[in-house]
Amino acid sequence: MSDSKPVRVRFAPSPTGPLHIGGARTALYNWLFAQTQGGTFLLRVDDTDHARSSEESLNNILDGMRWLVMDWDEGPDKGCDFGPYFQMQRMGGYKPRLEKLVAEGRAYPCFCTPEQVQEGRERQEKEGGRPMYDRRCRSLEAAEAKSRVEEGEAHTIRFAMPEGKIVIDDLIKGSVEVDLAEIDDWVMMRADGTPLYNLCSTLDDLDMEITHIIRGEEHFVNGVKQVLLFQALGHEPPRFAHLPLILGKNGKKLSKRMAQTNLPDYRDQGYPPKAIVNFFTLLGWGFDAEREIFTMEEAIERFSLDKVQKSGSILDDEKMSWMCGVYIRNESRAELLGHVTPFLVAEGLCTEEEVAQHRAWFENLVACYQERVRTYGELPPKVVHYLRGFEDYEPKAWKNLNKKEGTAELLEAYKESLAALALPPSRPDRLDEADTTVLLPTDKVEEVPAEGSTPFLYPKHIENAAHALAKSREIGFGQLVHPIRAALTGSAMGPSLFDVVYLLGREECERRLDRAIAALSK
RNA sequence: GUCCCCAUCGUCUAGCUAGGUCCAGGACGCCAGGUUUUCAUCCUGGUAACAGGGGUUCAAAUCCCCUUGGGGAUACCA
């Protein structure tokens, strides 16, 4: 039984486009399986579709795998015993065995043109049968075939399908009986002499001692062809596990219309890779009855192929989004800032140097938005006003400013009350101590020291002052807070207002209050 | 069309292998409350499913059959 051999699995993408999320999940399940078995996970590039393969796609796939932290034990960039890991570089091994199969009558040259084959298919379909190659070249005399080949006549090599039935014992689908008469005499080698997927893949899996082939369900019929080829070659085939597909919201095969299908897009928008991996692991497999958030280490402890769902699953991007939020909320402020910085820089809001210089302030800033974003990419637009100011008041904010008579005067009073408080200075004169001593957001601060006992004012103290002001003017706290938020941020939403005041610092708060007062008096 | 696979809340799933503990559990979403200076987070509660029909059995979400529905495959693509 192949089970006794050391487990070796492979992810074998064809570099014809960016890494698709379906492919990423296939890779993930292979990786997971290898981990659970203490086996080897290798990456092989199935680039026999030379017309569509590109180096760009290859790099894209490799980057995507690395981003998801699925490391491979063997692959294109690693020197190992079973290389090379590009099929196009393994050509030498294909020809002799192909010739042997022809000599044995297990494969045969076919001189039909694509057009002739197509006609044959259409005719059969019209007659109510299955659209298959009519196998006319299979009955050619061996000698005749040989001489035509030697004369250089264009031909493909087809596999001579045996008769009868075969039972595939799929690790996910279970036993499936297939009538061989349903399957074409498939082409192993093109007329131009280049080999095709089912040939290369089989030979490579054989040579690389692959024990388990885990891949998408669309390959199921290929599995039958490959088993037959293994047998024709006199070898025990590996075990197969065909994963159900990921479907779009309408239950149809996932397409670009329905969701993002390319992994790089998720990375570019700032989805946390761990959340993606968690989510895709869960899509088609259940951790247990109660939990859906888990680490890969935990998944490895209990992952098994026979627990994989047999039916396709619809990608629910709302749930994925929720899960991303969970992961972001669980990050430390330093991790969060590390992940967000590239997005801030890409938006031109700051440079890496600035972040490094004012690390404490930036950590406080992003920490205030940690519960308000689900991807790293959502953060920059929310914090742009701290770094660049804002152009116009949002309609809702403007309404909050204008709701009542006397708001300008109220803002003036607030500004004066601020003058009495020990607010930290605004950037660029900000002091690091202001943000290393006082950590935001306040609702995560457990204990606030008494006012005056520390050199820096806590947002809580700023809030106390605001309460006092509201009381003295006999207005509700909300009546005070809403216009101030609008004046300070141009928006009606955001973190605790006094965290905002703290982050902005004295001069900037005064500036923005003045601006609002001026705007109101127009 | 033909062949293969699948079928639990709108969605992801637990339960099905060894039928009773399931008038079906969790999560996302949604709805309603609570916390709160807004938004978000958080907490509480609610909504909602065994596709249909036949069997087998004392007993079926769990086993069998049919129907229906969905998916995949039918390339000198992978």
Side-chain angles (χ1 to χ4, degrees), chain A residues 12-14 16 46-49 51-53 110 112-114 117-118 121 125 128-133 154-158 168 170 172-174 176-179 181-184 186-192 194 196-198 200-201 215-222 224 242 244-245 247 249 251-253 279 282-293 306 309-323 325 329 369-374 382 396-397 400 441 443-444 463 466-467 470 476-482 484-486 489 491-498:
Chain A
S14 68
T16 53
D46 284 9
D47 54 355
T48 49
D49 185 356
R52 295 189 299 149
S53 292
C110 167
C112 299
T113 64
V117 172
Q118 188 53 32
R121 284 209 175 89
E125 193 161 15
R130 339 181 158 81
M132 285 169 48
Y133 171 58
H155 65 281
T156 61
I157 303 289
R158 285 181 184 272
I168 302 290
D170 190 276
I172 292 172
K173 296 165 92 86
V176 181
E177 188 185 73
V178 179
D179 186 346
E182 298 289 338
I183 302 177
D184 235 342
W186 50 281
V187 178
M188 308 172 85
M189 194 186 77
R190 294 185 179 94
D192 68 2
T194 56
L196 252 16
Y197 172 74
N198 278 310
C200 305
S201 186
R215 59 187 1 173
E217 193 174 30
E218 74 271 21
H219 282 294
F220 185 80
V221 177
N222 287 329
V224 176
H242 287 96
L245 272 22
L247 312 171
K249 272 187 270 300
K252 306 272 182 208
K253 193 175 181 178
F279 184 77
L282 206 53
L283 198 61
W285 179 75
F287 184 78
D288 70 15
E290 309 291 317
R291 275 179 68 190
E292 45 282 314
I293 303 288
D306 60 317
Q309 209 75 16
K310 288 182 183 173
S311 50
S313 30
I314 294 173
L315 188 148
D316 178 357
D317 39 39
E318 301 239 41
K319 185 161 185 172
M320 179 154 66
S321 191
W322 162 79
M323 196 173 278
R329 273 174 249 132
Y369 287 87
Q370 190 157 18
E371 288 174 347
R372 276 163 255 264
V373 296
R374 312 174 98 153
K382 291 185 191 290
K396 183 119 185 259
N400 286 346
D443 35 324
K444 284 190 182 162
E463 181 179 345
H467 274 291
F477 193 52
Q479 289 178 312
L480 174 64
V481 145
H482 295 309
I484 296 176
R485 177 185 294 284
T489 69
S491 166
M493 325 177 284
S496 167
L497 179 59
F498 306 100

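Side-chain atoms are counted along with the backbone in the values below, which use heavy atoms only and exclude waters and symmetry mates. Below, chains carry the letters A, B, ... as their sequence lines are ordered, and counting in each starts from 1.
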Open item on the list: Counting the atoms with a prime plus P, OP1 and OP2 as sugar-phosphate, which does A:Phe498 contact under 4.0 Å by heavy atoms, base, sugar-phosphate, or nothing?
Closed with: base
TODO: Starting from the 5' end of RNA chain B, give me the residue, A:Ala492 or A:Lys173, whose nearest nucleotide shows up first.
DONE: A:Lys173
Open item on the list: I want to verify a distance call: between B:rC12, B:rU11, B:rU37, whose nearest atom is closest to the A:Leu282 side chain?
Closed with: B:rC12
TODO: Decide yes or no on side chain to side chain donor-acceptor pair (under 3.5 Å) for A:Thr194 and A:Arg190, but give the supporting numbers first.
DONE: CA-CA 5 Å; A:Thr194 56; A:Arg190 294 185 179 94; 3.0 Å; yes
Task: Which nucleotide in B:rG26, B:rU13, B:rU38 has an atom nearest any side-chain atom of A:Met493 - done: B:rU38
Task: For B:rU36, the Watson-Crick or wobble partner whose two distances fall under 3.5 Å - done: none
Open item on the list: Across nucleotides 73-78 of chain B, 5' to 3', mark each nucleotide with B, S or - according to how protein heavy atoms within less than 4.0 Å reach it.
Closed with: SSSBBB
- [ ] Please determine, for B:rG19, whether a Watson-Crick or G-U wobble partner exists with both distances under 3.5 Å, and give it or none.
- [x] none
Task: Most 5' of A:His467 and A:Gly284 on RNA chain B, judged by nearest nucleotide - done: A:Gly284
Open item on the list: Counting the atoms with a prime plus P, OP1 and OP2 as sugar-phosphate, which does A:Gly494 contact under 4.0 Å by heavy atoms, base, sugar-phosphate, or nothing?
Closed with: base
TODO: Can you tell me the pairing partner of B:rU11 across any strand shown, Watson-Crick or G-U wobble, with both distances under 3.5 angstrom?
DONE: B:rA27
Task: Euclidean distance for C1', B:rU36 against B:rU41 (whole angstrom) - done: 11 Å
- [ ] Report yes if some heavy atom in the side chain of A:Thr48 is under 4.5 Å from a heavy atom in the side chain of A:Cys200; otherwise report no.
- [x] yes
Task: Under-4.0 Å side-chain N/O to phosphate OP1/OP2 contact, A:Ser321 with B:rC28 - done: no
TODO: Sort out the partner of B:rU41 for me: Watson-Crick or G-U wobble, both distances under 3.5 Å, none otherwise.
DONE: none
- [ ] Could you check whether A:Ser496 gets within reach of a base, just the sugar-phosphate, or nothing at all, counting any heavy atom under 4.0 Å?
- [x] base
- [ ] Decide yes or no, distance alone: a donor-acceptor N/O pair under 3.5 angstrom between the base of B:rU41 and the side-chain of A:Arg329.
- [x] no
Open item on the list: Need one value for A:Gln309: base, sugar-phosphate or nothing, where a base atom within 4.0 Å counts as base even if backbone is also close, heavy atoms only.
Closed with: sugar-phosphate
TODO: Return no unless some side-chain N or O of A:Lys310 is found under 4.0 Å from OP1 or OP2 of B:rC6.
DONE: yes
- [ ] Between B:rA49 and B:rU44, how far apart are the C1' atoms? Round to whole Å, please.
- [x] 24 Å
Task: Watson-Crick or G-U wobble mate for B:rC50, both contacts under 3.5 Å - done: none
Task: Paired nucleotide for B:rU62 [Watson-Crick or G-U wobble; both distances under 3.5 Å] - done: none
- [ ] For A:Arg374, report the nucleic acid contact type (base, sugar-phosphate, nothing); a contact means any heavy atom under 4.0 Å.
- [x] sugar-phosphate
TODO: Would you check if A:His242 and A:Ile168 make a side-chain contact, meaning some heavy-atom pair closer than 4.5 Å?
DONE: no
Task: N-O pairing of A:Arg158 and A:Asp184 below 4.0 Å - done: no
